[in-house]
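Here the structure is laid out as structure tokens; the discussion comes afterwards.
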Amino acid sequence: DSGVTQTPKHLITATGQRVTLRCSPRSGDLSVYWYQQSLDQGLQFLIHYYNGEERAKGNILERFSAQQFPDLHSELNLSSLELGDSALYFCASSHRGGAKNIQYFGAGTRLSVL
Amino acid sequence: QKEVEQDPGPLSVPEGAIVSLNCTYSNSAFQYFMWYRQYSRKGPELLMYTYSSGNKEDGRFTAQVDKSSKYISLFIRDSQPSDSATYLCAMSAVDSNYQLIWGAGTKLIIKP
């Protein structure tokens, strides 16, 4: 168990809908990262938060947004969902996100858009 | 050209073989190198972490970094069917604010 908790495990929804994925980082970790992994594809970095502030953006669509709350949990919001958004969404956390940026991953949320 | 190149495989070897997994990279500023293992549809887990050049060994796993060639390797000795997974390399540098840059992952299959 990595100590990173993601909910829900599975999510099935329809095109055009909006969903929220939740992540609780490991105790003491200040950085949270979100990744998207489509079937048989690599990890696509979406966004990084450190202690409540956005630190870096990757290939995140404008329809997607995220935030990190004072208790350090994070939420990824996906709106106007399309079939192509079906993927595994992983959250990872690290202590600070600087040098020796070892990231610990959650089990992921599997999103199916029908 | 991607910053980190990794052959997606699949790489299929018999049980007991020595496996060599590799990544090449273009940014000479990378200092921190990691190998993650990902079982099908599960979250990646850290296997090995190395700083700068050299070797690091942990049980049946050895990570090797050759900064002059911009090449990193992960060796698995006495491979087991339970080693069947996708192996992802990742690396970071101060000039990219230590954001991890990921390889695409190599799918490894160990045949009993």
Side-chain angles (χ1 to χ4, degrees), chain A residues 1-7 9-10 21 23 25-26 29-50 53-60 86-112, chain B residues 1-11 21 23-25 27 29-52 56 58 63 65 84-109:
Chain A
D1 183 0
S2 67
V4 178
T5 304
Q6 286 188 250
T7 56
K9 285 187 170 51
H10 303 282
L21 313 184
C23 170
R26 293 187 324 153
D29 283 358
L30 301 175
S31 274
V32 169
Y33 306 80
W34 286 99
Y35 291 89
Q36 180 192 57
Q37 188 175 44
S38 300
L39 189 63
D40 292 332
Q41 298 294 310
L43 287 172
Q44 297 297 318
F45 167 64
L46 296 178
I47 198 162
H48 169 208
Y49 275 84
Y50 173 76
E53 293 189 4
E54 181 185 304
R55 276 295 175 91
K57 266 187 175 180
N59 300 320
I60 188 166
S86 295
L88 270 170
Y89 291 84
F90 289 108
C91 165
S93 75
S94 68
H95 183 54
R96 289 186 178 273
K100 198 175 179 180
N101 181 13
I102 296 175
Q103 296 181 16
Y104 296 88
F105 283 77
T109 293
R110 185 178 305 183
L111 174 65
S112 297
Chain B
Q1 184 191 5
K2 290 183 180 179
E3 275 194 281
V4 178
E5 299 277 0
Q6 187 176 11
D7 186 335
L11 175 63
L21 303 165
C23 288
T24 58
Y25 61 93
N27 185 355
F30 284 139
Q31 297 174 291
Y32 298 90
F33 303 91
M34 298 164 203
W35 286 95
Y36 282 78
R37 178 176 62 194
Q38 185 180 24
Y39 291 113
S40 181
R41 312 303 277 172
K42 306 291 185 188
E45 57 177 323
L46 180 70
L47 262 183
M48 300 285 287
Y49 162 83
T50 51
Y51 169 70
S52 196
K56 186 173 183 178
D58 184 2
V65 174
S84 298
T86 296
Y87 291 79
L88 301 111
C89 64
M91 46 198 81
S92 67
V94 62
D95 64 355
S96 57
N97 203 26
Y98 298 111
Q99 290 295 331
L100 287 185
I101 308 300
W102 295 84
T106 298
K107 185 171 184 177
L108 174 66
I109 300 168

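Predicted, not measured: the structure shown is a model, and the values here were computed from it. Values reported hereafter were calculated over all heavy atoms of this structure, with side chains retained and with hydrogens, waters and symmetry mates removed.
Of the atoms belonging to B:Tyr51, not a single heavy atom falls under 4.5 Å from chain A. Using a 4.5 Å cut-off between heavy atoms, B:Leu46 touches chain A through its side chain atoms alone. Proximity to chain A (any heavy atom under 4.5 Å) is restricted, for B:Gln38, to the side chain, taken from C-beta onward.
Taking the salt bridge (Lys or Arg N to Asp or Glu O under 4.0 Å) definition, one finds that B:Glu3 meets it with nothing, sequence neighbours left out. Partners of A:Gln44 by side chain to side chain donor-acceptor pair (under 3.5 Å), not counting sequence neighbours, listed by chain and number: A:Asn59.
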- Yes or no on side-chain hydrogen bond (donor to acceptor under 3.5 Å, both in side chains) for B:Tyr32 and B:Thr50, after CA distance, side-chain angles and deciding distance? CA-CA 6 Å; B:Tyr32 298 90; B:Thr50 51; over 6 Å; no

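Ring geometry for A:Phe105 versus B:Trp102: interplanar angle over 60°, hence perpendicular rather than tilted (30 to 60°).
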